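Step one of this worksheet: look at the structure below.
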There are 2 protein chains.
Amino acid sequence: MSTRVTISEVAKLAGVHPGTVSRALNKKTENQVNVDTVRRVRDAAKRLGYSPNSIARGLRTSSSMTVGVIIPDLTNPIFPPIVRGIDNYLLPRGYSTVVVNTDGSDANERQLFESLVQRQVDGFIFATGHTGQSIVHEAYERGIRGVMVNRDSGGVPYPAVVGDDSQGIRASVEHLAQLGHRRLVHLEGPASFSTSRVRAASFLSSCAEFGLSGTVALCGSYSVDEGQRVMDAVLAERSSQPTAVVAGNDLLALGVYHSLRTHGLRCPEDMSVVGFNDMPFSGDFQPPMTTVRVPQAELGTESARLLLRQIEDADRSAVRVVLPVELIVRASTARVHQA
Amino acid sequence: MSTRVTISEVAKLAGVHPGTVSRALNKKTENQVNVDTVRRVRDAAKRLGYSPNSIARGLRTSSSMTVGVIIPDLTNPIFPPIVRGIDNYLLPRGYSTVVVNTDGSDANERQLFESLVQRQVDGFIFATGHTGQSIVHEAYERGIRGVMVNRDSGGVPYPAVVGDDSQGIRASVEHLAQLGHRRLVHLEGPASFSTSRVRAASFLSSCAEFGLSGTVALCGSYSVDEGQRVMDAVLAERSSQPTAVVAGNDLLALGVYHSLRTHGLRCPEDMSVVGFNDMPFSGDFQPPMTTVRVPQAELGTESARLLLRQIEDADRSAVRVVLPVELIVRASTARVHQA
DNA sequence: CCTCAATTTGCAATCGATTGCCCAGGATCG
DNA sequence: CGATCCTGGGCAATCGATTGCAAATTGAGG
């Protein structure tokens, strides 16, 4: 790109040493230089349209003012709001974010992580909280700053920001109980995600609390197709069928919709369905989905805040922030049909 | 972050000069080094876990191996697939992407653009193609490499990658004509977007072609709320009502759904609706939406390819790539009701 | 008038890699 | 056998900013 203005050109115009320009233009050092000089330097810089080369600065200060955000898949609709939340906090503070997608692969995750480390990012926000061969442990060992978002830290002493999954599931179960449902099934997400287990555990304890019969069906991924597949299997069983489904997330719930449709079953008349996340447009599905709203943007913002606290204040306390969730009742749940 | 291995430590272990290490480790220069030496250096590098500091490299080579992607809003569901398409092409080639959201504000756009320039990005992909005070012109004047995606270049000689909007609209109109519709209305997107005008023009000429009466209603933004507002206005008119709506995009079409519902009208029985983009989950709306599928991921991939061609081959030809689109017929369109 | 401290600014090293230049040594050729 | 080429690799400058250190200037106090 075209010839850019450097600090020494500004220095020449202002009649001072480059070092002085640097100090004059930097908030934390400008009090080391005479106010008149500062003004002169400022003028010169503005006149030349100077803007610092952040690569050069980064080399010297060994900070890139960049954070890496590792997510499974941007096209999963819960992530865009999280990413926006992160950006909204970070950009005004001079940081950029680089978002990478692992597609659920540990190998990808590792490779992308290394490439971001190589780019000298100042810290990471991990939204891929599976507990397997994740690089999170290693990152922590290497002294790399990071925060977990939307997923638990799984033993790694990084700060974590999560929604109140237990409470959300409990509210769902309570809602179904009040509608007269007695037999529920939970579509549990992949066991490698900490959230899956939290939600399943809460489902079982909530069923117990409200005196319902609850069974759990395990899904291999958080996707529409998998939700449909597992629901097909549930419906194929000969044992007494549930009257309501508590899905591990909205994608699985959507798969349940598809399964019901292919089986000629109506929602909510024949089967009530509750999702999780309140992802965008879940209120426009057919039928509009009852689900648990998680404050995604706030999750992002909060995680960014915690990361910056680590970077700028060297505060490494492993706080855990739990944000409240809310059950959104729409049209996919109804009073149980008296058969 | 922890102490990192530098090139001179590798040099020491391998018993050679740092410059030699650099050449040995670089694909394009490794043939300047004896194969034995290359092997020795490689071993040393591996043993020490060396990975080059890309900031230092970037300073010297004045390239950051980063591209900036400027979009209006990541939470608009058409953008995640585009961004993924870009990433899929760029990441394996060693580039990272920094995605920023303008929220439609020219001021934001300018500021974000400058901050990315300051970060020495090697080029831009602009997905914010409004023709107003955009920085696109200025960027081109400054000799900055860039590509337009999903929006036309509006006179700036950057390469552009777009879907075949005209054809998509024509197919929609033809489909409606075949269903017996005679009076159509088009919800046109904001005039500042080039796509809006292309689609509106195609709508009118297609109506003429098929002998239909077509009117156009202008929307202030591409959003659900605006679609609802404008459709409300259309329905409030006393003149002869249309029997089908061709919406400028799926968001507007969704707004039409909402409007119809509040007016007690059924889709498709009382009004057929066609969207544009086939954004994720538009097949799960109520009713499943007939819409025009645009290959978003391919748009992204292709734009990334064109950008890299500029960056690496200095090829500045202003090609214009038009990708084919496809009408997806679902349940929001039906044979016109014989009133 | 001298000393000492404080303020302001210049100087030069530094961050870590890349690369033009040049030299040493061996191969090739006439 | 001497001139000429290659090949391999060392040397040092360079990218553009930051920053510890020291010098210069100023002012105050004795």
Side-chain angles (χ1 to χ4, degrees), chain A residues 1-42 44-45 48-65 94 115 117-122, chain B residues 1-42 44-45 48-66 94 117-122:
Chain A
M1 319 262 174
S2 51
T3 54
R4 294 177 37 80
V5 181
T6 73
I7 206 170
S8 54
E9 302 178 49
V10 176
K12 203 171 301 170
L13 180 58
V16 295
H17 190 271
T20 305
V21 174
S22 172
R23 281 186 277 254
L25 261 28
N26 233 299
K27 262 277 166 284
K28 347 209 133 163
T29 46
E30 69 173 345
N31 56 343
Q32 298 172 23
V33 20
N34 188 294
V35 282
D36 287 344
T37 315
V38 170
R39 195 171 16 251
R40 228 172 47 248
V41 170
R42 286 257 167 75
L48 294 176
Y50 169 76
S51 91
N53 180 327
S54 43
I55 294 215
R57 167 185 294 163
L59 178 58
R60 180 61 225 247
T61 63
S62 70
S63 92
S64 58
M65 299 299 279
S115 102
V117 168
Q118 177 170 340
R119 290 189 120 79
Q120 317 288 121
V121 299
D122 298 329
Chain B
M1 317 261 179
S2 51
T3 54
R4 295 177 36 81
V5 180
T6 74
I7 207 170
S8 55
E9 302 178 49
V10 176
K12 204 172 300 171
L13 179 58
V16 295
H17 190 270
T20 306
V21 173
S22 171
R23 281 186 275 255
L25 261 29
N26 234 300
K27 263 277 168 283
K28 341 205 139 167
T29 47
E30 71 173 344
N31 55 343
Q32 299 172 24
V33 173
N34 188 293
V35 281
D36 288 343
T37 314
V38 170
R39 198 175 10 254
R40 227 169 51 246
V41 170
R42 285 257 166 75
L48 294 176
Y50 169 75
S51 92
N53 179 327
S54 42
I55 294 216
R57 166 183 296 163
L59 178 58
R60 180 61 224 250
T61 63
S62 70
S63 91
S64 60
M65 299 300 279
T66 300
V117 168
Q118 177 170 341
R119 290 188 119 81
Q120 318 287 122
V121 299
D122 298 328

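Every chain is numbered from 1, with letters handed out A, B, ... down the list of sequences. Keep in mind it's a predicted model, so treat the numbers as computed, not measured.
Contacts of B:T37 with the nucleic acid, taken as non-hydrogen atoms under 4.0 Å apart, involve only primed sugar atoms and P, OP1 or OP2. Here B:S22 lies in heavy-atom contact (under 4.0 Å) with a base. Among the atoms of the strands shown, none is found under 4.0 Å from any heavy atom of B:V21.
Rounded to whole Å, atom C1' of C:dC15 lies 4 Å from atom CG of A:L59. C:dT18 atom C1' lies 12 Å from atom NE2 of B:H17, rounded to whole Å. With rounding to whole Å, B:Q120 atom CD is found 9 Å from D:dG16 atom P. Atom P of nucleotide D:dT19 and atom CG of A:L25 are separated by 13 Å, given to the nearest angstrom. The distance between atom CG of A:D36 and atom C1' of C:dT9, rounded to the nearest whole Å, is 14 Å. Per the geometry, CD1 belonging to B:I55 stands 12 Å off C1' belonging to C:dA17, to the nearest Å. The nearest whole Å value for the distance from the CD atom in A:Q32 to the C1' atom in C:dT9 is 11 Å. D:dC15 atom C1' lies 13 Å from atom CD of A:E9, rounded to whole Å.
Considering CE of A:M65 and CD of B:Q118, their distance stands at 10.0 Å, rounded to 0.5 Å. If you take OG on A:S54 and CD1 on B:I55, they are separated by 8.0 Å, rounding to the nearest 0.5 Å. Taking CD of B:E30 as the reference point, atom NZ of B:K27 lies at 4.0 Å (rounded to 0.5 Å). Between the NZ atom in A:K12 and the CG atom in A:L48 there is a gap of 10.5 Å [rounded to 0.5 Å]. Separating the CZ atom in B:R57 from the CD1 atom in B:I7 is a distance of 8.5 Å, to the nearest 0.5 Å.
At the phosphate of C:dT18, OP1 or OP2 sits under 4.0 Å from a side-chain N or O atom of B:R57. Look at A:Y50 and you won't find any side-chain N or O under 4.0 angstrom from OP1 or OP2 of D:dG16. The phosphate of D:dG16 has neither OP1 nor OP2 within less than 4.0 Å of any side-chain N or O from A:T6. The phosphate of D:dT14 has neither OP1 nor OP2 within less than 4.0 Å of any side-chain N or O from B:R60. Contact between the side-chain N/O atoms of B:S62 and the OP1/OP2 oxygens of D:dC15 is not found at any separation under 4.0 Å. Distances shown here put a side-chain N or O of B:N26 below 4.0 Å from the OP1 or OP2 atom of C:dT18.
Which of D:dA17, C:dG16, D:dA12 sits closest to the side chain of B:N53 comes down to C:dG16. In the set D:dG10, C:dT19, D:dC15, C:dT19 carries the atom at the smallest distance from any side-chain atom of B:T61. Side-chain proximity of B:I7 to D:dA17, C:dA17, D:dG9: nearest is C:dA17.
The base of D:dG20 sits within donor-acceptor range of the side chain of A:R23, with an N or O pair under 3.5 Å.
In terms of position on DNA chain C, the residue among A:G19 and B:S8 whose nearest nucleotide sits closer to the 5' end is A:G19.
For A:R119 and B:T66, the side-chain atoms include at least one donor-acceptor pair closer than 3.5 Å.
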